[in-house]
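Note sheet for the following structure.
Per chain, numbering begins at 1; letters A, B, ... match sequence-line order. The shown structure was predicted, so the numbers you read here are calculated from the model rather than taken from an experiment. What you see below is based on every heavy atom in this structure, not just the backbone, and it leaves out hydrogens, waters and symmetry mates.
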Amino acid sequence: MACPERARIFRDGQGSAVSTIERQELTDQRRKKLRAITELGFEPYPRTYHCTHTIPQVLAEYSLRPAEELERDRPRVRVAGRVMTMRPHGKAGFAHLAGGGQRLQVYVRLDAVGERHFELYKLLDLGDLIGVEGYMFRTRTGELTVHAEQLQFLAKALLPLPEKWHGLTDVETRYRQRYLDLMVNPEVRQIFERRAKLVEAIRQFLNAEGFLEVETPMMQPLAGGAMARPFVTHHNALDMDLYLRVAPELYLKRLIVGGFERVYEINRNFRNEGISTQHNPEFTMLEFYQAYADYEDMMRLSEQLLRHVAQKVLGGLEFDWAGHRISLAKFERLTMREAIVKFWPPEAGRGPTLADLAEPKNVFPWIDVYNSWAAAASGSQTLTLDRGTAPGAAVQALFEVLAERHLIQPIFITEFPLEVSPLSKQKPDDPNFVERFELYIGGMEIANAFSELNDPAEQRDRFEYQQMLREKGDLAAHSIDEDYIRALSYGMPPTGGEGIGIDRLTMLLTDSRSIRDVILFPLLRPQKSAD
RNA sequence: GGGCCGGUAGCUCAAUGGUAGAGCACUGCCCUUUUAAGGCAGGGGUUCUGGGUUCGAGUCCCAGCCGGCUCACCA
């Protein structure tokens, strides 16, 4: 058995001396117990344990069976799990085993398991993994319990579990050591089970609609498809810089050109931007594209998709989020400019009318009006625009500051300004705006979709405008993707495309306030170690 | 990156500038249907780090590290 006697001491991020497995007193005690267990003739790290049931299976099969029936049949089980509680009583004792997100009680008594196995029971620590063979019964208090006849030691917890009553609440430790969080906080496990179910429901829905799931590059020579700063990496053999993708969009549309008329991808995007409760540098995005469709079709599809997911995951269309009751029964629609008019704060005086906003450039005086009010009003943020901000970008900025937090119930915000939408098709009757929408739920942007621009000449103009922004220092602006223009030049059918943020959708359906609560291992600053 | 709040035993938390504590966990003893089991007796601390003020610092000051919230950027 490899147990180095010497301590290797590391320092954690807080600078305090933290030993790894090799030092602490508690660990020493547990290592001694592991030796004692070995001396009893149990393998310290056995290879396998063949269970007849998982813990959830035992509970499902026997929970409804009355005590007399169990007493008569004495059904036998072999189960395994992690010891979560121990209540020894002299020559007998109880323990709860955790497995599959549930707990099952085990009763161990000397006269039933014999000397050697009872010694093992006494040497167990909270957190150890064991197997139990015995028969089902109910205790005096009625709890379904395995009456053990054999114990099998499976693995030792050398480190102590967090406190059994309060659990683990320190947020940093929960994220850094998610395995501990999962062990002791059952609701955390449920969030990730629900997330998996959600993704499964999406696949189910899209597959049934005839969409093909594909995988496109996550390392790209050009980072396109979204306005975001990319991560850069380097391929040694080719001696070339590559970008981690900010979106799969341009590749998926190449597939539409190639004749896959309905495709989707669920995978990670990487954006080198700030971190917040709604942003993790890597996040999961669903994108889907449908040929011979437009953004109106995408709205209809979004509603169907989200309802399907909610039905599968929640069993209904309503859920609570951040103290709001949200219903997916109805999706509202407003144009971006209508939202500005509607959510203009009355205290700020007369706001713009739709006619006032007909021309995007007319938004600037209204931003001044808003700012002079917001500067005086407490709690309202003013809007600062960089010099040379395009009119359309200003419209979007005003929309975000006025309306976003009010958009709790599902609502499609349509008609985005041209300048902030380099890949969307213009509205035929108003070329300053495009056929695009974003779906807001719970004050968060959940989806973004548009009628895909398929005119290669127009696309080149848009890219050139983006290039100009880049040269002016906007690192999130698009680069010109010549091959994408070439693909469009072969002819892309009219296409509707959409992206849905899986993490945010999961936040909604699990009532999570932070994106970190729906990502198993969110990015944190690494802890420093110094030996 | 800015602002606010925080970091004390393995975990959850206390502690007017005056001897660092409790509960759980841990160790020993008792206990054959308990369940936050119980009873008795114990062990465990670089109070995030480094400076400073003070007779004396967990507490006050400065710098740093880490985290949370929030703003900015973004989805």
Which nucleotide in the set [options] lies at the smallest distance from any side-chain heavy atom of [X]?
| X | options | value |
| --- | --- | --- |
| A:S514 | B:rC69, B:rC26, B:rG67 | B:rC69 |
| A:R176 | B:rC66, B:rA25, B:rC11 | B:rC66 |
| A:H89 | B:rC69, B:rU32, B:rC66 | B:rU32 |
| A:A92 | B:rU32, B:rU12, B:rU34 | B:rU32 |
| A:E445 | B:rA75, B:rC26, B:rG67 | B:rA75 |
| A:L26 | B:rC69, B:rG67, B:rC26 | B:rC26 |

Would you mind classifying the nucleic acid contact of [X] as base, sugar-phosphate or nothing, using non-hydrogen atoms under 4.0 angstrom?
| X | value |
| --- | --- |
| A:R229 | nothing |
| A:M227 | sugar-phosphate |
| A:L168 | sugar-phosphate |
| A:T169 | sugar-phosphate |
| A:T173 | nothing |
| A:K33 | sugar-phosphate |
| A:D503 | nothing |
| A:G501 | nothing |
| A:G167 | sugar-phosphate |
| A:N280 | base |

Go ahead and name the base partner of [N]; Watson-Crick or wobble counts if both distances stay under 3.5 Å, otherwise write none.
| N | answer |
| --- | --- |
| B:rG1 | B:rC71 |
| B:rC40 | B:rG28 |
| B:rU54 | none |
| B:rA63 | B:rU49 |

Anything under 3.5 Å between a protein N or O and an N or O of nucleotides 22-24 of chain B, put it in a table, one pair a line.
unit_1 : atom_1 : unit_2 : atom_2 : d
B:rG23 : N2     : A:E163 : OE2    : 3.4

Side-chain donor/acceptor pairs under 3.5 Å, residues 394-402 of chain A, sequence neighbours excluded:
none

B:rC55 to B:rA15 separation - C1' atoms, rounded to the nearest Å | 22 Å

If you measure from the P atom in B:rU59 to the same atom in B:rU19, how many Å do you get, rounded?
-> 14 Å

B:rC69 phosphate, OP1 or OP2, under 4.0 Å from A:R513 side-chain N/O = no

Distance below 4.0 Å between A:S276 side-chain N/O and B:rC73 OP1 or OP2 = no

Scan for salt bridge (Lys or Arg N to Asp or Glu O under 4.0 Å) pairs involving residues 81-101 of chain A, sequence neighbours excluded, and state none if there are none.
-> none

Side chains of A:D517 and A:Y175: do they bring a donor and an acceptor to under 3.5 Å?
-> yes

Determine whether any donor atom in the side chain of A:R140 lies under 3.5 Å from an acceptor atom in the base of B:rU33, or the reverse, and answer yes or no.
-> no

For the side chain of A:Q105 and the base of B:rU34, is some donor closer than 3.5 Å to an acceptor across the two?
-> yes

All heavy atoms of A:E249 vs all of A:L423, minimum pair found to be OE2-CD1, 3.4 Å

Looking at residues at least two apart in the chain, or sitting in another chain, which of them share a side-chain hydrogen bond (donor to acceptor under 3.5 Å, both in side chains) with A:S276?
-> A:H279

Set of ring pair (Phe, Tyr, Trp, His ring centres under 6.0 Å) partners for A:F137, sequence neighbours left out = A:Y107, A:H147

Could you state the CG-P distance from A:N267 to B:rA75, rounded to the nearest angstrom?
-> 19 Å

Under the side chain to side chain contact (heavy atoms under 4.5 Å, CB included) test, residues paired with A:R268 that sit two or more places apart = A:M218, A:F270, A:E282, A:T284

Using heavy atoms to find the nearest nucleotide of RNA chain B for A:T277 and A:K91 separately, return the residue whose nucleotide is more 5′.
-> A:K91

What do the steps show when you test A:E149 against A:R76 for side-chain contact (heavy atoms from CB on, under 4.5 Å), and what is the final call?
-> CA-CA 10 Å; A:E149 294 179 327; A:R76 300 193 61 79; 2.7 Å; yes

